[in-house]
Novice: 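Before I ask anything, here is the structure I am working with.
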Protein chains: 2
Amino acid sequence: MAAVHPRHLLPSARERIDHIAYELFSRHGVRSVGVDVVVARSGVAKKTLYSHYPSKEKLALAFLQRREELWTRTWLQEGVKRRARRPADRLLAIFDVFDSWFRRSDFEGCAFIKVLLEHDDPAHPIRRSTEGHIRTVRDFVRELAEEARLPDPEGFARQWQIVMIGSIIAAYAGDRDAARRAKKLGILLLADARIRSRGRAQI
Amino acid sequence: MAAVHPRHLLPSARERIDHIAYELFSRHGVRSVGVDVVVARSGVAKKTLYSHYPSKEKLALAFLQRREELWTRTWLQEGVKRRARRPADRLLAIFDVFDSWFRRSDFEGCAFIKVLLEHDDPAHPIRRSTEGHIRTVRDFVRELAEEARLPDPEGFARQWQIVMIGSIIAAYAGDRDAARRAKKLGILLLADARIRSRGRAQI
DNA sequence: GTCAAGGTAGACCGATCTGTCTACCGGAAG
DNA sequence: CTTCCGGTAGACAGATCGGTCTACCTTGAC
């Protein structure tokens with residue numbers, strides 16, 4: 001059936017590869033998903049995969065790029081901006097977005113962290129890439145902190161990200177309410193930063 | 001040479017297996033360490049390993065037990081109790097212990113989290129075991145919270161553990177100062193819990 | 001009609017994985 | 001002296017890994 005349709009009306013082989021690789025790598029990480037599974041599930045010839053990507057490593061790097069586009073930018077950043085307007089409210093809205101994420105029955109955890117922990121060589125390209133994507137998320141937080149005129153936005157963002165990451169792992173380990181707990185931490189952190197900011201402004 | 005010594009004066013095969021498995025699984029996780037490597041590094045015959053442990057899975061479960069004994073109990077809990085006496089100070093001392101951990105050149109990250117993220121099936125024995133060991137750490141925090149007479153010790157412990165885990169991952173991703181940042185968060189959390197406690201006591 | 005591009009199906013390679021098995025060895029206890 | 005236990009050395013099986021390759025097919029452009 002499918003083969004009868006004109007090629008341009010169907011998802012191309014590359015699109016199917018990217019889509020299935022995203023599904024599988026997001027859920028299971030990179031290491032435990034073999035190329036054979038990607039090939040079988042995307043209904044593509046093995047040779048086709050290797051004509052688009054020279055190695056599994058490059059496919060994984062492309063996946064991480066896609067994850068940043070779909071998860072970080074489209075889902076997290078846009079979701080946060082849709083939920084609140086003021087920068088400080090947007091910071092807290094991160095945990096509202098997380099809350100709906102953690103309660104999904106198909107909650108899969110954070111692919112960046114998963115892939116980061118899979119690679120213990122700090123020089124490995126995949127590990128370096130995940131660290132870059134984690135930095136991208138932190139940059140988003142730092143920008144919100146700057147817009148909220150908080151002191152030491154970089155330090156604030158690093159603390160905020162500790163809470164974000166901790167809550168994701170806690171949720172993965174079974175704590176459905178991890179986002180609520182994290183939000184409370186965020187409120188404390190935000191209040192403290194504002195006190196410091198006001199204190200400094202008075203000097 | 002070694003074979004010439006009486007058997008009882010040398011580390012037994014089992015001890016060598018346990019020791020090397022601990023080294024390798026702690027650093028690299030379970031999945032990416034093959035039994036052949038454990039066999040080779042411990043200088044033991046493959047058959048000997050399988051006479052002590054019926055499968056790699058059982059070896060991994062024994063490793064997690066050992067990790068709880070060496071890391072959680074001996075290193076973390078005793079380290080904390082050595083550094084401070086009052087329960088609230090001991091809570092904060094967790095991050096002092098973490099700080100020296102994160103700054104070690106051979107910092108290996110948290111094996112429990114690593115192994116947890118390696119297994120996405122929630123029913124898998126290894127995953128269930130890691131969740132148990134994570135709960136053990138949280139119980140330790142909860143007991144300190146109870147001793148400090150903080151309200152809602154379980155909720156407090158879960159928030160505290162979010163910070164602990166987040167800082168470990170942040171350190172693993174390259175933030176050497178993650179423990180200092182986490183300790184600041186802990187100070188805020190502790191102060192807030194005390195305010196709530198005092199507020200409730202006045203009612 | 002021809003031809004190149006891109007795709008399919010699947011055999012195959014060498015390496016590595018967990019786990020089993022045979023054959024042998026050395027020391028301690030009877 | 002013999003016997004048994006715990007161990008060594010390493011071949012082997014069957015599965016799976018990433019990656020290559022041949023042979024064939026379909027579509028669109030010319």
Side-chain angles (χ1 to χ4, degrees), chain A residues 1-21 24-25 28-64 115 118-121 124-127 129, chain B residues 1-21 24-25 27-64 115 118-121 124-127:
Chain A
M1 286 298 281
V4 135
H5 293 300
R7 212 191 300 276
H8 62 279
L9 292 181
L10 280 174
S12 69
R14 172 148 207 162
E15 284 167 334
R16 276 177 289 155
I17 292 167
D18 289 347
H19 180 258
I20 288 293
L24 294 174
F25 287 158
H28 307 289
V30 166
R31 190 152 243 148
S32 61
V33 174
V35 287
D36 285 335
V37 182
V38 177
V39 163
R41 289 277 304 273
S42 59
V44 127
K46 207 167 181 179
K47 177 147 197 176
T48 303
L49 189 152
Y50 278 97
S51 76
H52 286 290
Y53 297 101
S55 66
K56 186 191 175 185
E57 181 181 308
K58 299 291 184 186
L59 176 64
L61 291 170
F63 153 70
L64 291 172
V115 177
E118 278 178 344
H119 297 83
D120 33 56
D121 175 11
H124 193 292
I126 292 183
R127 166 143 174 186
S129 174
Chain B
M1 283 297 278
V4 133
H5 293 299
R7 211 190 300 276
H8 63 279
L9 292 182
L10 279 176
S12 68
R14 171 148 207 161
E15 284 167 333
R16 277 178 288 153
I17 291 168
D18 289 347
H19 180 257
I20 288 292
L24 294 175
F25 288 158
R27 179 154 306 279
H28 307 289
V30 166
R31 190 152 242 147
S32 62
V33 174
V35 288
D36 284 336
V37 182
V38 177
V39 162
R41 290 276 305 271
S42 58
V44 127
K46 206 167 183 180
K47 178 148 197 175
T48 304
L49 188 152
Y50 277 98
S51 74
H52 287 290
Y53 297 100
S55 66
K56 186 191 175 185
E57 180 182 309
K58 299 290 184 186
L59 176 64
L61 290 170
F63 153 70
L64 291 172
V115 177
E118 278 179 344
H119 297 82
D120 34 57
D121 175 11
H124 192 291
I126 293 184
R127 166 140 174 190

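Lettering of chains follows the sequences in order, A, B, ..., and the numbering in each one begins at 1.
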Novice: List the residues meeting ring-ring contact (aromatic ring centres under 6.0 Å, His included) with B:Phe25, not counting sequence neighbours, and say none if there are none.
Specialist: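 Residues passing ring-ring contact (aromatic ring centres under 6.0 Å, His included) with B:Phe25: B:Phe63.
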Novice: For B:His119, check ring-ring contact (aromatic ring centres under 6.0 Å, His included) against everything at least two apart and list the hits.
Specialist: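 Checked B:His119 against ring-ring contact (aromatic ring centres under 6.0 Å, His included); matches are B:His124.
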Novice: Among the candidates D:dG7, C:dG7, C:dA9, find the nucleotide nearest to the side-chain atoms of A:His52.
Specialist: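 When the side chain of A:His52 is considered, C:dG7 is the closest of D:dG7, C:dG7, C:dA9.
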Novice: Which heavy atom in A:Leu61 sits nearest to a heavy atom in A:Pro125, and how many Å separate them?
Specialist: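 Minimum heavy-atom separation between A:Leu61 and A:Pro125: CD2-O, 3.9 Å.
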Novice: Under the side-chain hydrogen bond (donor to acceptor under 3.5 Å, both in side chains) test, which residues partner B:Tyr53, sequence neighbours left out?
Specialist: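 Applying side-chain hydrogen bond (donor to acceptor under 3.5 Å, both in side chains) to B:Tyr53 gives B:Arg14, B:Asp18.
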Novice: Please state how far atom CZ in B:Arg16 lies from atom P in D:dG6, giving the value in whole angstrom units.
Specialist: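 After rounding, the reported distance stands at 15 Å.
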Novice: Taking side chain to side chain contact (heavy atoms under 4.5 Å, CB included) as the definition, give me every residue that meets it alongside B:Arg27, ordered by chain and number, with sequence neighbours left out.
Specialist: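 Partners of B:Arg27 by the side chain to side chain contact (heavy atoms under 4.5 Å, CB included) criterion, ordered by chain and then number, come out as B:Asp106, B:Glu108.
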Novice: Does A:Thr48 place a side-chain N or O at less than 4.0 Å from the phosphate oxygens OP1/OP2 of C:dT8?
Specialist: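 Checking C:dT8 against A:Thr48, a side-chain N or O does come within under 4.0 Å of OP1 or OP2.
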Novice: Between A:Ile126 (CD1) and D:dG18 (P), how many Å, whole number?
Specialist: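 Rounding to the nearest Å, CD1 of A:Ile126 and P of D:dG18 are 11 Å apart.
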Novice: Please table the atom pairs, donor to acceptor, closer than 3.5 Å between any side-chain atom in residues 37-48 of chain A and protein atoms at least two apart or in another chain.
Specialist:
unit_1  : atom_1 : unit_2  : atom_2 : d
A:Ser42 : OG     : A:Val38 : O      : 2.6
A:Ser42 : OG     : A:Val39 : O      : 3.4
A:Lys46 : NZ     : A:Asp36 : OD1    : 2.9

Novice: Name the nucleic acid region contacted by A:Arg14, choosing base, sugar-phosphate or nothing; use a 4.0 angstrom heavy-atom cut-off, strictly under.
Specialist: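 It contacts nothing in the nucleic acid.
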Novice: Determine, for nucleotides 14-21 of chain C in 5'-to-3' order, which nucleotides have protein heavy atoms under 4.0 Å from the base (write B), from only the sugar-phosphate (write S), or from neither (write -).
Specialist: ----BBBB
